[in-house]
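Remember, predicted model here, so these are calculated numbers, not experimental data. Start at 1 with the first residue, then count along the sequence.
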Amino acid sequence: MEKVFKGKEIDLAVGELASLLKKAKKTVILTGAGMDTESNIPDFRSKNGWWKKIDPRMVASTESLYNDYSLFHEFYLMRIKLLEGIVPHEGHYIIADLEKRGMIKSVVTQNVAGLHTVAGNQNVYELHGNIKSIRCDGCNQGAKLEDFFAGKDCTSCGARALRPNVVLFGETLPPQVWEDAVGDIKSCDLLIVIGTSLEVYPVNQLPLWARGKTVFINNEDRGAGYPFDLRIIGKAGEVLRKLQEKL
Ligand code: OAD
């Protein structure tokens with residue numbers, strides 16, 4: 001039976017989560033943009049989210065890459081520049097500590113800023129890629145971030161097609177990363193999902209494939225149609241801080 005906790009009940013819920021985590025032999029954490037907002041990176045679909053201001057098809061799709069490279073380039077340049085000075089918050093470090101203590105197997109993330117790795121997690125599956133890694137869309141050759149910043153063409157094939165290694169609308173997820181992440185999720189006995197609207201396919205299917213216990217932490221009431229064992233409505237950083245205190 002699903003249990004939903006908010007406000008003052010969060011302490012109770014975190015107690016349940018802590019005991020699930022202590023019992024679990026293999027735990028996986030799945031994160032979305034809500035994991036990074038407390039580091040001042042906007043998410044996509046809440047009030048101040050990117051896709052409330054800009055249509056993703058205009059700037060973050062294969063159509064935009066092929067048909068309006070200048071706008072595509074401008075958008076990603078702005079996104080990358082906004083990451084200057086951005087660092088992980090306490091919640092990221094708590095997740096990294098859980099891995100160091102052997103309490104979680106891996107982190108599967110939709111986020112492209114790389115904050116889990118910066119915080120110290122080693123087993124991170126970046127399902128939507130990494131925004132600071134650049135390649136040529138034409139020949140696939142890796143390129144320097146500064147060349148993308150300078151608006152240069154590919155030094156290998158000459159195409160005007162440098163792009164971040166992120167999954168654009170209209171593209172599929174990196175197959176090996178996806179396969180490994182799915183393998184971990186199908187075989188874990190606890191999946192903790194943090195800060196995602198669960199609107200984006202195929203990642204929104206992953207909680208349905210977990211065979212063990214599932215817990216959802218989000219600051220707005222989402223995920224009601226999913227068979228989560230626990231839903232905690234609260235901020236990622238706060239819930240993780242309380243969790244750490246109980247471990
Ligand atoms: P969304 O913006 O769709 O959802 C983020 C969720 O996190 C929302 O429900 C927020 O309310 C919640 N949230 C925000 N801050 C939070 C906090 N501090 N604590 C807890 N929850 C918080 O982002 P995603 O679900 O990650 O794809 O979006 C999935 C994909 O859509 C992204 O990876 C991106 C986007 O198009 C690509 O770039 C390929």
Kindly list each side-chain donor-acceptor pair under 3.5 angstrom involving residues 75-85, sequence neighbours excluded, with atom names and distances?
none

Tell me which donor-acceptor pairs under 3.5 Å the side chains of residues 238-245 have, and how far apart each pair is, sequence neighbours excluded?
unit_1	atom_1	unit_2	atom_2	d
Arg241	NE	Glu90	OE1	2.7
Lys242	NZ	Asp11	OD1	3.1

For residues 156-175, please give each side-chain donor-acceptor pair under 3.5 Å, one per line with the distance, not counting sequence neighbours.
unit_1	atom_1	unit_2	atom_2	d
Arg163	NH1	Asp137	OD1	2.9
Arg163	NH1	Glu171	OE2	2.6
Arg163	NH2	Val166	O	2.6
Arg163	NH2	Glu171	OE1	3.0
Asn165	OD1	Arg135	NE	2.5
Asn165	ND2	Ser133	OG	2.6
Glu171	OE1	Leu168	N	2.9

For the backbone of [Y] and the side chain of [X], can you confirm whether one donor and one acceptor N or O come within less than 3.5 Å of each other?
{"X": "Ser46", "Y": "Gly49", "result": "no"}
{"X": "Asn111", "Y": "Gly32", "result": "yes"}
{"X": "Ser39", "Y": "Val87", "result": "yes"}
{"X": "Asp229", "Y": "Val215", "result": "no"}

Looking at residues at least two apart in the chain, or sitting in another chain, which of them share a side-chain hydrogen bond (donor to acceptor under 3.5 Å, both in side chains) with Thr37?
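side-chain hydrogen bond (donor to acceptor under 3.5 Å, both in side chains) check on Thr37 returns nothing, list empty.
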Apply side-chain hydrogen bond (donor to acceptor under 3.5 Å, both in side chains) to Asp221 and list each qualifying residue two or more places apart in sequence or on a separate chain.
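So Asp221 forms a side-chain hydrogen bond (donor to acceptor under 3.5 Å, both in side chains) with Arg231.
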Would you indicate whether [X], at its atom [atom1], is surrounded by more than 12 heavy atoms from other residues, nucleotides or ligands within a distance under 6.0 Å?
{"X": "Lys213", "atom1": "NZ", "value": "no"}
{"X": "Lys6", "atom1": "NZ", "value": "no"}
{"X": "Lys100", "atom1": "NZ", "value": "yes"}

Please report the interatomic distance [atom1]([X]) to [atom2]([Y]), rounded to the nearest 0.5 Å.
{"X": "Thr117", "Y": "Asn123", "atom1": "OG1", "atom2": "CG", "result": "10.0 Å"}
{"X": "Asn67", "Y": "Thr62", "atom1": "CG", "atom2": "OG1", "result": "8.5 Å"}
{"X": "Ile217", "Y": "Ile233", "atom1": "CD1", "atom2": "CD1", "result": "12.0 Å"}
{"X": "Glu220", "Y": "Ser197", "atom1": "CD", "atom2": "OG", "result": "7.5 Å"}
{"X": "Leu190", "Y": "Lys25", "atom1": "CG", "atom2": "NZ", "result": "12.5 Å"}
{"X": "Phe5", "Y": "Ile10", "atom1": "CZ", "atom2": "CD1", "result": "10.5 Å"}

In the single-linkage hydrophobic clustering (I, L, V, M, F, W, Y; side-chain heavy atoms under 4.5 Å), do [X] and [Y] co-cluster?
{"X": "Val203", "Y": "Trp51", "answer": "no"}
{"X": "Val14", "Y": "Ile95", "answer": "yes"}
{"X": "Val177", "Y": "Ile131", "answer": "no"}
{"X": "Ile192", "Y": "Leu247", "answer": "yes"}
{"X": "Leu206", "Y": "Ile194", "answer": "no"}

Kindly write out the residues that satisfy ring-ring contact (aromatic ring centres under 6.0 Å, His included) with [X], not counting sequence neighbours, or none if the list is empty.
{"X": "His128", "result": "none"}
{"X": "His92", "result": "His89, His116"}
{"X": "Phe216", "result": "Phe228"}

Residue pairs passing the salt bridge (charged side-chain N to carboxylate O under 4.0 Å, His left out) test where at least one lies in [range], sequence neighbours excluded:
{"range": "residues 57-70", "result": "Asp55-Arg57"}
{"range": "residues 26-43", "result": "Lys26-Asp184"}
{"range": "residues 196-208", "result": "Arg45-Glu199, Glu199-Arg222"}

Minimum-distance pair of heavy atoms, taken over all atoms of [X] and [Y]:
{"X": "Ser64", "Y": "Ser61", "answer": "OG-O, 2.7 Å"}
{"X": "Leu198", "Y": "Tyr226", "answer": "CD1-CE1, 3.7 Å"}
{"X": "Lys246", "Y": "Ala18", "answer": "CB-CB, 3.9 Å"}
{"X": "Glu99", "Y": "Gln122", "answer": "OE2-N, 2.9 Å"}

Heavy-atom side-chain contact between Pro227 and Leu208 under 4.5 Å
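Pro227 vs Leu208: side chains touch.
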Would you mind reporting whether Val118 and Pro88 have side-chain heavy atoms less than 4.5 Å apart?
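With C-beta onward as the side chain, the pair touches.
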Extract all donor-acceptor atom pairs below 3.5 Å that involve side chains of residues 141-148 and protein atoms in other chains or at least two apart in sequence.
none

With side chain to side chain contact (heavy atoms under 4.5 Å, CB included) as the test, would you mind laying out the steps for Ile41 and Leu115 before giving the verdict?
CA-CA 11 Å; Ile41 301 177; Leu115 294 186; 3.8 Å; yes
Only one of Val107, Thr109, Asp180 clears side chain to side chain contact (heavy atoms under 4.5 Å, CB included) with Tyr125; which?
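Answer to the side chain to side chain contact (heavy atoms under 4.5 Å, CB included) test with Tyr125 among Val107, Thr109, Asp180: Asp180.
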Going by side chain to side chain contact (heavy atoms under 4.5 Å, CB included), Thr27 matches just one of Leu21, Leu98, Leu191. Which one?
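Between Thr27 and the candidates, side chain to side chain contact (heavy atoms under 4.5 Å, CB included) is satisfied uniquely by Leu21.
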Trp50 six-ring centre to Lys53 NZ/CZ under 6.0 Å and within 45° of normal:
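Positive - Lys53 is close enough to the ring of Trp50 and near enough to its axis.
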